[in-house]
Amino acid sequence: MPAARSELVERGSGAVVVGVSGSESDLLTVPQAAFAAAREGARLLVVHVVGSLNRDADGDVDETLLERFAAAGEAVVERGVALARATAPGLAVDDALLSGDRVGVLRAVTTRALRLYVGTSETSSVRPMVPGLVTAGITSDVGCPVLLVRGSRTERGGRVLAYLHEADERAVVAFAEHEARALGVSLTIVYRGSIGEVWPVGEDIAVTRLLVPQQARAHRLLASPRNDLLVVAASDLRSARTAEGATSLRQRYSGTACLVAVVPEEQSAVPLSPLPPPGH
């Protein structure tokens, strides 16, 4: 299970990466990732990370315990691979059962990845999910967009919403534009503070730009059922590393039920399209 960083980087290079945990959230996360990878002709990498095991005084790990963790991890990965192939027959699917610090491993695997999908067992609210992920460093520190899958919707809302907490967040606008075009929906750009420089969007997309300094109205827009995808900047979530910031974040994104994309400031990879699996 252990692997060198260079090997991890290579395994995730050019792939859509999906983290699996063996929980019910995999049933939502894996199909989303598989469908996006198939649509774009990309490879899917199914990853499960086993946390570092405690060592005894001599620095050894209980071999029996290690075997149990490995067996359980293999079952999780196999389930994820089978689900991906059932969603998108013919899709190129690789798997990786890894051990170590989960955040460190995911950082390495996604260094040159196109996208990382992660899920949560709580689908009704962003409250228990985002602060934990940010504290762990996943959404704010990996080098590719992180898509947070929290529910399966039967109806399209009809728009992508980009939330700009800071004026200069061109990576968020570019990602949101790409997704709106891929989904065939409109794009709404919400500016929390000043609008600043207006980044151009293609004429083939219907764009609405809103300056919304009022916190209550911003919350309503973020929680609107019209949103198919909410796109935010990774820098906007780093505040959750403090207790005060986490409280503010919970208030801001409470009630958000759509797919959430967290985009790093330096976004160089070609984003994929987070379309729902067929039939959804």
Side-chain angles (χ1 to χ4, degrees), residues 3 5-20 25-26 28-49 77 80-81 83-85 87-96 98 102-119 133 137-150 160 162 169-184 187 228-235 237 258-278:
R5 175 179 172 77
S6 59
E7 179 185 345
L8 295 177
V9 172
E10 185 60 31
R11 296 184 78 167
S13 181
V16 174
V17 179
V18 57
V20 292
S25 65
D26 291 350
L28 301 175
T29 309
V30 174
Q32 285 276 3
F35 189 79
R39 182 181 184 276
E40 300 293 335
R43 175 174 56 92
L44 181 68
L45 178 63
V46 179
V47 175
H48 177 66
V49 184
V77 169
V81 170
L83 184 56
R85 288 176 174 159
T87 300
L91 176 66
V93 183
D94 293 334
D95 61 82
L98 305 168
R102 290 182 176 86
V103 174
V105 170
L106 287 175
R107 283 177 184 166
V109 170
T110 58
T111 299
R112 296 204 300 265
L114 294 176
R115 179 171 294 198
L116 169 65
Y117 282 81
V118 292
L133 288 174
I138 295 177
T139 56
S140 58
D141 291 335
V142 300
C144 68
V146 180
L147 282 99
L148 309 176
V149 183
R150 297 178 6 261
V160 169
E169 291 182 352
R170 68 182 74 184
V172 172
V173 175
F175 188 93
E177 177 185 0
H178 177 91
E179 303 306 320
R181 181 174 291 111
L183 288 164
L187 171 61
D228 288 320
L229 172 68
L230 171 63
V231 185
V232 300
S235 59
L237 303 187
C258 63
L259 194 64
V260 178
V262 182
V263 181
E265 289 85 344
E266 298 298 329
Q267 171 54 29
S268 58
V270 177
L272 303 183
S273 305
L275 300 177

Practice task
Evaluate the criterion side-chain contact (heavy atoms from CB on, under 4.5 Å) for residue pair Arg115 and Val17; output intermediate values, then yes/no.
Solution key: CA-CA 6 Å; Arg115 179 171 294 198; Val17 179; over 6 Å; no

What's the shortest heavy-atom distance between [X] and [Y], and which atoms?
| X | Y | result |
| --- | --- | --- |
| Ala33 | Val18 | CB-CB, 3.8 Å |
| Gln32 | Leu28 | CG-O, 3.3 Å |
| Ala84 | Leu44 | CB-CD2, 3.5 Å |
| Ala42 | Val16 | CB-CG2, 4.2 Å |
| Ala180 | Leu187 | CB-CB, 4.1 Å |
| Thr87 | Phe35 | CG2-N, 4.4 Å |

Practice task
Side-chain contact test, heavy atoms from C-beta onward, threshold under 4.5 Å: evaluate it for Val232 versus Val172 and give yes or no.
Solution key: no

Handout entry: Side chains of Val263 and Val231 in contact at under 4.5 Å (non-hydrogen atoms)
Key = yes

Completion exercise
Sorted by chain and number, sequence neighbours left out, salt bridge (charged side-chain N to carboxylate O under 4.0 Å, His left out) with Arg181 holds for Glu177, Asp204

Is [X] reaching over with its side chain to a backbone N or O of [Y], donor-acceptor style, under 3.5 angstrom?
| X | Y | result |
| --- | --- | --- |
| Thr110 | Leu106 | yes |
| His48 | Val77 | no |
| Arg112 | Cys144 | no |

Practice task
Start with the C-alpha gap between Leu148 and Val262, add the side-chain angles, then the distance that decides, and say whether side-chain contact (heavy atoms from CB on, under 4.5 Å) holds.
Solution key: CA-CA 8 Å; Leu148 309 176; Val262 182; 4.1 Å; yes

Exercise for the section: To the nearest 0.5 Å, tell me how far Thr29 OG1 sits from Leu147 CG. Expected result: 10.5 Å

Completion exercise
Distance col, row Ser13:OG vs Leu114:CG, nearest 0.5 angstrom, shows 8.5 Å

Handout entry: Contacts of Ala96 that satisfy side-chain contact (heavy atoms from CB on, under 4.5 Å) - sequence neighbours left out
Key = Arg11, Leu45, Val47, Leu98

Exercise for the section: State which residues pass side-chain contact (heavy atoms from CB on, under 4.5 Å) with Ala108; sequence neighbours excluded, sorted by chain then number. Expected result: Arg5, Leu8

Exercise for the section: Show your working on side-chain contact (heavy atoms from CB on, under 4.5 Å) between Val20 and Val30 and close with a plain yes or no. Expected result: CA-CA 8 Å; Val20 292; Val30 174; 3.6 Å; yes

